[in-house]
Amino acid sequence: GRAIILNSSFTGNSGSSARGQGLLGAAAYNDAAGELQMINSTVKGNSGVNGGLWNRGIMFLDGSIVEGNTGTGNAAIHNEGTASIQSSAILGNGSAVLAMAGGIENYGSMRILGSTVAGNNVGGFFSTGGILNGGNLSILNSTIAGNDAIIGAGGITNLGTIDIVASTIGGNRSNNIGGFNSTGAARVKNSIIAGNICPATGNSIPCDGTNRDCAGSGTSLGNNLVGDGTDCSWLGVAGTSDIVGVDPSAIWEQANSPDNGGPTPTVALLPTSPAIDHIPLENCTDTEGNPITTDQRGTARPQGLRCDIGAFEFSLPRGSGFWAHQCSDKG
């Protein structure tokens with residue numbers, strides 16, 4: 001049926017072999033005929049074959065946190081139906097050796113808007129730390145940062161169809177592809193892919209402790225900022241206005257642990273970042289040409305004459321009077 005869950009917490013549950021659905025989703029299982037709306041709620045510290053949420057129907061997650069769940073076979077969120085994740089955070093979940101992803105697995109249709117997938121890890125050798133997409137996935141104004149894998153991609157693996165717009169992929173780690181790997185159909189626009197690390201050294205894996213941001217095939221829709229584009233030559237082609245070959249330290253201070261404000265964690269740009277004011281106003285749009293008027297935090301775009309690349313729109317620091325007022329009741 002239809003379940004609407006408001007301001008609630010699913011904490012410390014474990015999957016039971018006495019009921020198949022309990023193994024599939026230790027916190028919540030939504031069947032093919034179901035509609036699940038979870039708003040301003042928390043899914044934390046659950047464990048099972050899938051430690052968090054398993055969806056086969058329609059699922060809408062808004063303003064919620066999925067954190068610290070563990071699974072032996074699947075990620076914190078597993079989707080085979082239609083799912084929307086908005087203004088939510090998928091943080092610090094862990095999956096074991098049989099799992100395919102630490103954060104999100106999508107084999108249906110999913111939209112991620114204004115959300116963060118960070119600090120998730122997976123133990124499977126060819127698995128993905130952050131998001132594994134085998135279906136149809138759209139990511140807008142979101143941050144994928146600080147996720148870890150062994151040999152699969154640290155941030156995102158795409159086997160299906162994916163659109164990434166006005167988003168930040170940084171600080172992810174894997175002994176193969178640190179950031180984004182696509183063997184399906186991928187389109188990337190107005191996004192940052194930088195500072196993703198391949199940390200292993202002294203072995204046959206093509207890594208040796210260097211940045212390895214992306215690999216595979218795709219299409220650039222322009223105005224992307226890429227650190228190491230060696231294995232994704234489709235980024236930076238003529239006419240796209242992409243910037244390729246940028247030292248991550250020139251973009252931000254760090255990306256592996258986003259915490260720069262807003263309803264969900266973000267990665268802040270440095271005041272001198274090449275991502276600032278790079279996108280002409282007419283190109284500050286999604287893949288369908290609709291204007292993007294805010295960043296992930298809700299800050300208006302643009303703050304200058306043009307929009308910034310990635311999920312964070314840089315704005316000048318507040319004056320001392322503003323902060324004195326904000327902090328006056330906090331000692």
Participant: Are the side chains of Ile156 and Ile169 in contact, using a 4.5 Å heavy-atom criterion?
Facilitator: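 Touching, per the 4.5 Å side-chain cut-off.
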Participant: More than 12 foreign heavy atoms under 6.0 Å from CD of Glu282: is that the case here?
Facilitator: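 More than 12 heavy atoms, drawn from other residues, nucleotides or ligands, come within 6.0 Å of this atom.
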Participant: Under a 4.5 Å side-chain heavy-atom rule over Ile, Leu, Val, Met, Phe, Trp and Tyr, are Ile243 and Trp252 clustered together?
Facilitator: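 In one cluster: yes.
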Participant: Is the closest side-chain heavy-atom distance between Gln86 and Ile112 below 4.5 Å?
Facilitator: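 They are not in contact (no side-chain heavy atoms under 4.5 Å apart), so the answer is no.
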Participant: Looking only at non-hydrogen atoms, find the nearest pair between Ala149 and Ser127 and report the distance.
Facilitator: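 In this case the closest contact between Ala149 and Ser127 is CB-O, 3.5 Å.
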Participant: Taking Gly94's backbone N and O only, do any of them form a donor-acceptor pair with Thr70's side chain (distance below 3.5 Å, no angle check)?
Facilitator: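 Absent.
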Participant: When rounded to the nearest 0.5 angstrom, what distance separates CE in Met59 from CD in Gln37?
Facilitator: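 One gets 11.5 Å once the value is rounded to the nearest 0.5 Å.
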Participant: Find out whether Ile251 and Val246 are in side-chain contact, i.e. whether some heavy atom of one side chain is under 4.5 Å from a heavy atom of the other.
Facilitator: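 Result yes, sub-4.5 Å side-chain heavy-atom pair found.
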Participant: Do you know the tightest heavy-atom contact between Ile131 and Ile144?
Facilitator: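 Heavy atoms only, the tightest pair is CD1-CD1, 3.7 Å.
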Participant: Quick one, Val43 with Leu53, criterion side chain to side chain contact (heavy atoms under 4.5 Å, CB included). Give me CA distance, side-chain angles, the key distance, then yes/no.
Facilitator: CA-CA 8 Å; Val43 177; Leu53 307 173; 4.0 Å; yes
Participant: Does Thr168 reach the main-chain N or O of Gly310 with its side chain, forming a donor-acceptor pair under 3.5 Å?
Facilitator: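 Between the backbone of Gly310 and the side chain of Thr168 there is no qualifying donor-acceptor contact (under 3.5 Å).
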Participant: Answer yes or no: is there a donor N or O on one side and an acceptor on the other, between the side chain of Asp213 and the main chain of Gly195, under 3.5 Å?
Facilitator: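 The answer is yes, because a donor-acceptor pair under 3.5 Å joins these two groups.
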Participant: Has the side chain of Asn120 got a donor or acceptor atom that lies under 3.5 Å from a matching backbone atom of Gly130?
Facilitator: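 Answer holds: no.
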Participant: Kindly determine whether Tyr107 and Met100 satisfy side chain to side chain contact (heavy atoms under 4.5 Å, CB included), including the steps that lead there.
Facilitator: CA-CA 12 Å; Tyr107 300 105; Met100 298 304 295; 4.2 Å; yes
Participant: I would like to know whether Ile193 and Leu225 meet side chain to side chain contact (heavy atoms under 4.5 Å, CB included); could you show each step before the answer?
Facilitator: CA-CA 6 Å; Ile193 307 176; Leu225 178 59; over 6 Å; no
Participant: Applying a strict under-4.5 Å side-chain criterion to I, L, V, M, F, W and Y, I'd like to know whether Ile104 and Leu137 cluster together.
Facilitator: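 Yes: a chain of side-chain contacts under 4.5 Å links Ile104 to Leu137.
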Participant: Within this structure, what is the CD1-OG1 distance for the pair Ile58 and Thr82, rounded to the nearest 0.5 Å?
Facilitator: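 Ile58 CD1 to Thr82 OG1: 6.0 Å, rounded to 0.5 Å.
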Participant: Ile90, Ile5: one ILVMFWY side-chain cluster at the under-4.5 Å cut-off?
Facilitator: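 Yes, one cluster joins them.
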Participant: Under a 3.5 Å cutoff, is there a donor and acceptor pairing between the side chains of Ser109 and Asn136?
Facilitator: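 There is no such pair (donor and acceptor under 3.5 Å, judged by atom type) between the side chains of Ser109 and Asn136.
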Participant: OG of Ser174 to CG of Asn147: how many Å apart, nearest 0.5 Å?
Facilitator: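 Rounded to the nearest 0.5 Å, the OG-CG separation comes to 11.0 Å.
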Participant: Hey, quick one: are Val244 and Trp234 part of the same hydrophobic cluster, counting side-chain heavy atoms closer than 4.5 Å, chains of contacts allowed?
Facilitator: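 Yes; tracing contacts between hydrophobic side chains, which count when under 4.5 Å, links both residues.
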Participant: If Ile, Leu, Val, Met, Phe, Trp and Tyr residues are connected whenever their side-chain heavy atoms lie under 4.5 Å apart, and connections chain through other members, are Ile279 and Val226 in the same group?
Facilitator: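 Each belongs to a different hydrophobic cluster.
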Participant: May I ask you to decide if Val66's main-chain N or O and Asn93's side chain share a donor-acceptor pair within less than 3.5 Å?
Facilitator: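 Pair found, side chain donor or acceptor close to backbone of Val66.
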Participant: For residues Thr116 and Gln296, is any side-chain donor paired with an opposing acceptor at under 3.5 Å?
Facilitator: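 There is such a pair between these side chains.
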Participant: Please round to the nearest 0.5 Å and tell me the distance separating atom CD1 of Ile77 and atom CG of Asn106.
Facilitator: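 So the CD1 of Ile77 and the CG of Asn106 are separated by 10.5 Å.
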Participant: Could you pull out the closest heavy-atom pair between Ser87 and Asp62, with the gap in Å?
Facilitator: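 For Ser87 versus Asp62, the nearest heavy atoms are CB-OD1, 3.9 Å.
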Participant: Do you know the tightest heavy-atom contact between Ile139 and Ser167?
Facilitator: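 Between these two residues, the closest heavy atoms are CG2-OG, 3.6 Å.
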Participant: Atom CG in Asn190, atom CG in Asn223: separation rounded to 0.5 Å?
Facilitator: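 Rounded to the nearest 0.5 Å, the CG-CG separation comes out at 5.0 Å.
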Participant: Is there a donor-acceptor pair under 3.5 Å between the side chain of Thr230 and the backbone N or O of Asp228?
Facilitator: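 The answer is no, because no donor-acceptor pair under 3.5 Å joins these two groups.
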Participant: Distance-only, no hydrogens or angles: does the Asn172 side chain make a donor-acceptor pair with backbone N or O of Gly146 under 3.5 Å?
Facilitator: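 Such a contact is found between Asn172 side chain and Gly146 backbone.
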Participant: List the residues meeting salt bridge (Lys or Arg N to Asp or Glu O under 4.0 Å) with Asp148, not counting sequence neighbours, and say none if there are none.
Facilitator: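 In terms of salt bridge (Lys or Arg N to Asp or Glu O under 4.0 Å), with neighbours along the sequence ignored, Asp148 is linked to Arg173.
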Participant: Roughly how far apart are Leu132 CG and Ser95 OG, rounded to 0.5 Å?
Facilitator: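 Spacing of CG (Leu132) from OG (Ser95) equals 11.0 Å.
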Participant: Would you say CG of Leu6 has more than 12 non-hydrogen atoms from neighbouring residues, nucleotides or ligands within 6.0 angstrom?
Facilitator: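 Yes.
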Participant: For a side chain to side chain contact (heavy atoms under 4.5 Å, CB included) check, start with the C-alpha distance between Ile192 and Asn224, then their side-chain angles and the critical distance, and finish with the verdict.
Facilitator: CA-CA 6 Å; Ile192 298 175; Asn224 298 297; over 6 Å; no
Participant: With a 4.5 Å cut-off on side-chain heavy atoms, are His278 and Asp308 touching?
Facilitator: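 Result no, sub-4.5 Å side-chain heavy-atom pair not found.
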Participant: Side-chain contact test, heavy atoms from C-beta onward, threshold under 4.5 Å: evaluate it for Ile164 versus Leu140 and give yes or no.
Facilitator: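 Side chain of Ile164 against side chain of Leu140, heavy atoms only: no contact under 4.5 Å found.
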Participant: Decide whether Ser220 and Lys189 meet the rule of one side-chain donor and one side-chain acceptor closer than 3.5 Å.
Facilitator: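 No, Lys189 and Ser220 have no side-chain donor paired with an acceptor closer than 3.5 Å.
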Participant: Out of Asn133, Asn55, Asn79, which one pairs with Met110 under the side-chain contact (heavy atoms from CB on, under 4.5 Å) rule?
Facilitator: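 Exactly one candidate clears the test, Asn79.
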Participant: Please determine whether side-chain hydrogen bond (donor to acceptor under 3.5 Å, both in side chains) holds for the pair Arg212 and Asn176, giving the CA-CA distance in whole Å, both sets of side-chain angles, and the decisive distance to 0.1 Å.
Facilitator: CA-CA 8 Å; Arg212 199 151 187 252; Asn176 189 7; 3.0 Å; yes
Participant: Sort out for me which residue in Arg306, Arg301, Arg297 forms a salt bridge (charged side-chain N to carboxylate O under 4.0 Å, His left out) with Glu313.
Facilitator: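 That would be Arg301.
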Participant: What are the two closest heavy atoms between Asn181 and Ile177, and how far apart are they?
Facilitator: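 Taking Asn181 first and Ile177 second, the nearest heavy atoms are CB-CG2, 4.1 Å.
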Participant: In the structure I gave you, are the side-chain heavy atoms of Ile162 and Phe180 within less than 4.5 Å of one another anywhere?
Facilitator: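 Yes; the side chains approach each other to less than 4.5 Å.
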Participant: Quick one: does any side-chain atom of Ser142 pair with a main-chain N or O of Ser115 as donor and acceptor, under 3.5 Å?
Facilitator: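 Confirmed, Ser142 side chain pairs with Ser115 backbone.
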Participant: Considering all heavy atoms of both residues, which atom of Cys307 and which atom of Leu281 are nearest to each other, and what is their separation?
Facilitator: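 Nearest heavy atoms, Cys307 then Leu281: SG-CD2, 4.3 Å.
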Participant: Asp31 side chain to Gly34 main-chain N or O, any donor-acceptor pair under 3.5 Å?
Facilitator: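 Flag not set: sc Asp31 to bb Gly34 has no pair under 3.5 Å.
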Participant: With a 4.5 Å heavy-atom cut-off, do Thr128 and Val122 have their side chains touching?
Facilitator: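 In short, these two side chains do not touch, never coming nearer than 4.5 Å.
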Participant: Find out whether Glu35 and Phe60 are in side-chain contact, i.e. whether some heavy atom of one side chain is under 4.5 Å from a heavy atom of the other.
Facilitator: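 A side-chain contact under 4.5 Å is absent here.
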Participant: Do side-chain atoms of Ser64 reach the backbone of Ser41 as a donor and acceptor pair under 3.5 angstrom?
Facilitator: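 Present.
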